[in-house]
Amino acid sequence: MKLQLRAEDWTVNMGLVGLKRLFDKEAETTRVGLELDIKLLDELVDRYFDYLLNAYSVSAREKDIMENALKRAERRPEQYIDAYKKIIDQMQKQTKSAARYFADLEEFQQMEHIVQQAKKLKNKDNFSELSKLIDTFLSFLAMNPIHDKLTLNFVKSVILQPLYGQVSFLNVTHNAKSIEEQKNIMKKDYIEPVLFECQWLDLLDSNEVDVPDVLNFLKERESYSPFKTWHRQLKKKKQMSEVRSFIQKEVPECFLIDGQLGTGNFEEMTFLPLGTSLKGSLNFQWNLNRNRPMPLSALGKLILFLVPIGASVYNRKIGYGSQAEYLSHYGFIHFQGHFENIYRQNNAYNTHRKNDHPFEFIIMDLLRESQEKSEQKQRSFMLIEFHSNRDAKKVLLDYYHMPTYVVDYFQHYGNALRFIHRAEYREEFVRSVLHGIDPKQVLLKYFREIIESNMDGFRGRMAVLERYRLLLLRKGVKEMKDKEKIVYHAFYKGQTLRKKIIKAGEERADQAGAENTAGGKKKIQGIAYRLLNAVKAGHPQHFLDTVFRLHMGVGLDIPRVLLNVLHEKEADFETVGSSFISGLLSDEDQKEKDITNDQSKKGEVV
């Protein structure tokens, strides 16, 4: 018997991609999903555990952390003590976890001995000795049963429990059990119910069975709660037609998988990011039955349990600078198309995430991987990201759409985003675009960073230009060259004013005989803050008043381009104002950089 599984919404798609990753050769892709021989479900639990133990190996994870600390110490010897503390902390953390289960094991005692030796190597001259001890420690950490036990506990607490709580083998009371014992729990809770329900559906479809056969089948499997209930309800039935009629009328269909019976409910323990408790599901009742809000089959429940394998799991930085925090996220690329393409795109996305590629590079590469540009523009891509915290009862769910104008932008101009030098600003810029939000707030935060860090304003001008291109593409403008000139014009007018202000400051300093006169550059920084606040507050008149006084103070005519601040005929206030500020902050010759920018328009990925 083959299971016919259709990929429709993104939750099912994630589960089916996970199933395909477990059975890459055996599962056959169709245009709409997967076909899988039901006999292969007997192997699913072993493959499920093996995949997670390999993907989140504790020894591989600790190796990355410790080697990165060593590399920092090697590049900067003065940071050796910080690297040393980090390494000792990681070693102690893992030995403490292992002590709960393997205190009498010889390999564990060796690990403890290594930690004690490593603690003596505080001097930077001990670099090579510490490196050797790390290798030895990691070799013991990679040995079984230590490796599999610690890795599985990490997977359960960090990867699985945020999505399902403490159901089945995820309950903390099972942590001390062996891997095989926990596998058996999963088989009982997730595999046997699927097999039972599929066998039951086959039985109902058969013309060679009668009521006693059906009752015997249910009696033999009374350990499965729905079958025990059905056996009691069907005892008095005389004809198979009555049995079939009962199932058709009294048992709802699974809302997730066509053709399956809704023997359970879609609730928090089946998929916490979208599920609700039975008490909180008053708007999701089936046939006014408050105990059956959204009927779910055993097969649907299993597919949802494969989501962590089908999704890409990574840490995402939320916020800026010291206020930022890293949260674990699950990501998935969803679109309407052949399932093989969905599978391939998500494998590519998973590889990018494992290699910590920049977000904008990932988006451009995924778009480029489509086979035909015409197909690419018609296809509606959607990136789903979600963070789930079970203890805080908190779920963050983001849908990122990629309409045609966004696809056009990344194909032709996306490479220019590299000039936004700080990764967090660059990523927030892209996320705002994918949300369909004007990225001007990200832009204004980035300008404040440029001012505070005394960076050249050229990078700010590039950020302004990329935002302006997006606004034009959204309006349907295809020819950019003439439209972009206003950004360059306002930028160069800002540069001109800067030079005059600095020159005037130098002349005053010469006349005053020195050093008590505030330098022109410091004055420009204060002016830039004032103008940026005017742009942020949406006060064009205040912006122009300041600019007019500055020009008159150094004997310059008022640039006509700045009149757009008021009438916004050629460009919006934020574009003209920010371009001017970026010029005010820039004193470098832009010719070579302009050439570089022109080359970046070709859409090449660097």
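These values consider heavy atoms only, across backbone and side chains, with no hydrogens, waters or symmetry-generated copies.
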Would you call the rings of [X] and [Y] parallel, tilted or perpendicular, taking 30° and 60° as the class edges?
| X | Y | result |
| --- | --- | --- |
| Tyr314 | Tyr349 | perpendicular |
| His435 | Tyr400 | tilted |
| Tyr330 | Phe386 | parallel |
| Phe169 | Phe305 | perpendicular |
| Phe271 | Tyr164 | tilted |
| His401 | Tyr399 | parallel |
| Tyr343 | Phe339 | parallel |

Restricting to side chain to side chain contact (heavy atoms under 4.5 Å, CB included), what partner residues turn up for Gln116, sequence neighbours left out? Lys119
Could you tell me which residues satisfy side chain to side chain contact (heavy atoms under 4.5 Å, CB included) with Arg426, sequence neighbours excluded, listed by chain and number? Pro358, Glu360, Leu417, Ile420, Ala423
Are any of the side-chain nitrogens in [X] or [Y] under 4.0 Å away from the carboxylate oxygens of its partner?
| X | Y | result |
| --- | --- | --- |
| Glu449 | Lys445 | no |
| Glu222 | Lys219 | yes |
| Asp398 | Arg316 | yes |

Give the C-alpha distance, both sets of side-chain angles, the deciding distance and a yes or no for side chain to side chain contact (heavy atoms under 4.5 Å, CB included) between Lys188 and Asn184. CA-CA 6 Å; Lys188 180 178 181 296; Asn184 289 333; over 6 Å; no
Do [X] and [Y] pair up side chain to side chain, a donor and an acceptor below 3.5 Å, judged on atom types alone?
| X | Y | value |
| --- | --- | --- |
| Gln166 | Gln161 | no |
| Arg344 | Asn341 | yes |
| Glu197 | Thr263 | yes |
| Asn126 | Glu129 | yes |
| Asn315 | His329 | no |
| Tyr80 | Asp125 | no |
| Glu112 | Thr95 | no |

So, does [X] use its side chain to make a donor-acceptor pair with the main chain of [Y] at under 3.5 Å?
| X | Y | value |
| --- | --- | --- |
| Ser57 | Leu53 | no |
| Asn144 | Asp148 | yes |
| Lys187 | Ile191 | no |
| Lys93 | Ile88 | no |

Cationic tip of Arg100 within the cone over Phe102's six-membered ring, i.e. under 6.0 Å and within 45° of the normal? no
May I ask you to check whether over 12 heavy atoms, not counting those of [X], lie within 6.0 Å of atom [atom1]?
| X | atom1 | answer |
| --- | --- | --- |
| Glu325 | CD | yes |
| Met269 | CE | no |
| Lys183 | NZ | yes |
| Asp64 | CG | yes |
| Lys228 | NZ | no |

Shortest non-hydrogen contact from Pro308 toward Leu160: CG-CD2, 3.6 Å
Using side chain to side chain contact (heavy atoms under 4.5 Å, CB included), reason through Asp37 and Met1 one step at a time and then give a plain yes or no. CA-CA 6 Å; Asp37 193 320; Met1 177 187 174; 5.7 Å; no
